[in-house]
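Taking it in order: structure first as structure tokens, then the write-up.
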Amino acid sequence: MEKLSYQSTRGGESGLTASRAILNGLAEDGGLYMPSWIPKLEVPMEKLAGMSYQETAYEVMRLFLTDYTEEELKYCINSAYDSKFDTEEIAPLREADGAYYLELFHGSTIAFKDMALSILPYLMTTAAKKNHVENEIVILTATSGDTGKAAMAGFADVPGTRIIVFYPKGGVSKVQELQMVTQKGDNTAVVAIHGNFDDAQTGVKKIFGDQAFGKRLAEHGFQLSSANSINVGRLVPQVVYYVYAYASLLRQGKIRSGEKINITVPTGNFGNILAAYFAKQMGLPVGKLICASNDNKVLYDFFRTGTYDKKREFILTSSPSMDILISSNLERLIYVSTGCDAGANAGLMEMLGRDGAYTVTKEMQEKMGDFIGGYATEAENAAEIKRLFDAAGYMVDTHTGVASCVYQKYASETGDTTPTVIASTASPYKFSHSVMEAVYGDLGGKDEFEIIDELCKVTGVAVPRAVEEIRNATVRHKRECDAEAMEGMVAKILGLAE
Ligand SMILES: *Cc1c(COP(=O)(O)O)cnc(C)c1O
């Protein structure tokens, strides 16, 4: 049988091994790597229901990462999903007020990015060995708040790697910023850019596309890779927890075998919900994929109208990790919806770059029929956080609040009673100020750590280690630059001669 391989969504590359796709991060033509097909789950669901998270991860990931040996993959999985997580289940399901919240924030940086970024460094260093890479790998990452810290936590002091993180100054929460600027590890660097997340992400993509710069890096023994959700090494580990969630519901007797579930995901770059779509394509019984946005509701408009239009005001919200107008991973869904026509996809992406908008055909829209867009305003989000806390004593973070609100609206508008998993993407501690304000109103002049202690008092949930760590940590990173100066900043950090 033909072996699964990877190709660019824009047609420039094909036939890559999984390890090569992970090393490269982004295709040279600017496209994203896609597997040549989506493999079907091979283990029956009844059997998966009896498996641990790590065992489930192996059964899912081996189908995508076909050039990793069993030994290599199990080493990566067992190194990643260990006591860095504060629960043995790794991704527990919590039932609250009729929905199932899939808690993806039990890793070392208390956001769902840990689910993939705790394994990516192992996948990448294994890939480097397999492909006889001699260069030092430089991970360039744009972050809307959570990826940067989770990636640094994974790559700090990993031999043969450096990591440089760009975040929007003023565009992340206090805890998110403190987590990043106090990061330890001699191979880590953090830069605040004068711009928003899209500026940071566009800047990183530009550096990847600059072949002269790539050559200059190679002369100094460096090569670039990405820890952003465009990397298939991020996408594949994210598929695992949807399979695990379904198996958990079955194990707990909450659903019957084969019964469909809906999945609601608070969405920014479209990576997390795309993983749920992959899980469905693998054969997981999933009905609707509910894509929840905040006020930056470009995806809501897209699923409603078929037009993706990024030409609009960028709004800073209390769910900053979803403050995104260019959802990179949507390109993978667009590609699939064209029937894997790389030329058609490349044309649309070119339009997005040139005109800031594109419109898909009716036929493509039909192929995306599983997706339903919704959004929550700031006031609706705060009201939902309070409602859920009052009704069930369960405090969710501001991103999960958006998803929860959109799910409530969807359920009451449609009457759909399908059991629903809501991806819970961050600990409320990461956004203490916003969640406490949502429940109790104005907090006066209290500082972040006073609010954190109060959050602990009212929820009875212990303050996570990730928050305790930054209480008194020293700020180690103070670099700033304009979005246009990012490449120069990379050169400076790496010590390249002019
Ligand atoms: C990154 C992030 C999201 C958005 O996920 P995407 O994969 O970018 O769509 C949502 N919530 C939190 C807390 C995040 O960190």
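Just so you know, ligand 1 is whichever comes first in the structure, and atom 1 is the first atom listed for that ligand.
In this structure, D397 does not pair ionically with K430, as no charged nitrogen and carboxylate oxygen lie closer than 4.0 Å. Salt bridge present: E468 and R471 bring a charged side-chain N and a carboxylate O closer than 4.0 Å.
Exactly one residue among I324, N329, L325 makes a side-chain contact (heavy atoms from CB on, under 4.5 Å) with S327. That residue is I324.
By the ring pair (Phe, Tyr, Trp, His ring centres under 6.0 Å) test, Y358 is found to be paired with Y308, residues two or more places apart in sequence or in another chain being considered. For Y167, there are no ring pair (Phe, Tyr, Trp, His ring centres under 6.0 Å) partners at least two apart in sequence or on another chain. Partners of Y410 under the ring pair (Phe, Tyr, Trp, His ring centres under 6.0 Å) rule, at least two apart in sequence or in another chain, do not exist in this structure.
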Distances for all N or O pairs of ligand 1 and the protein under 3.5 Å?
residue  : atom   : partner : partner atom : Å
ligand 1 : 7 (O)  : G271    : N            : 3.2
ligand 1 : 7 (O)  : N272    : N            : 2.9
ligand 1 : 8 (O)  : N269    : N            : 2.8
ligand 1 : 9 (O)  : G268    : N            : 2.8
ligand 1 : 9 (O)  : N269    : N            : 3.2
ligand 1 : 9 (O)  : F270    : N            : 3.0
ligand 1 : 11 (N) : T425    : OG1          : 2.8
ligand 1 : 15 (O) : K113    : NZ           : 2.6
ligand 1 : 15 (O) : D146    : OD2          : 2.4

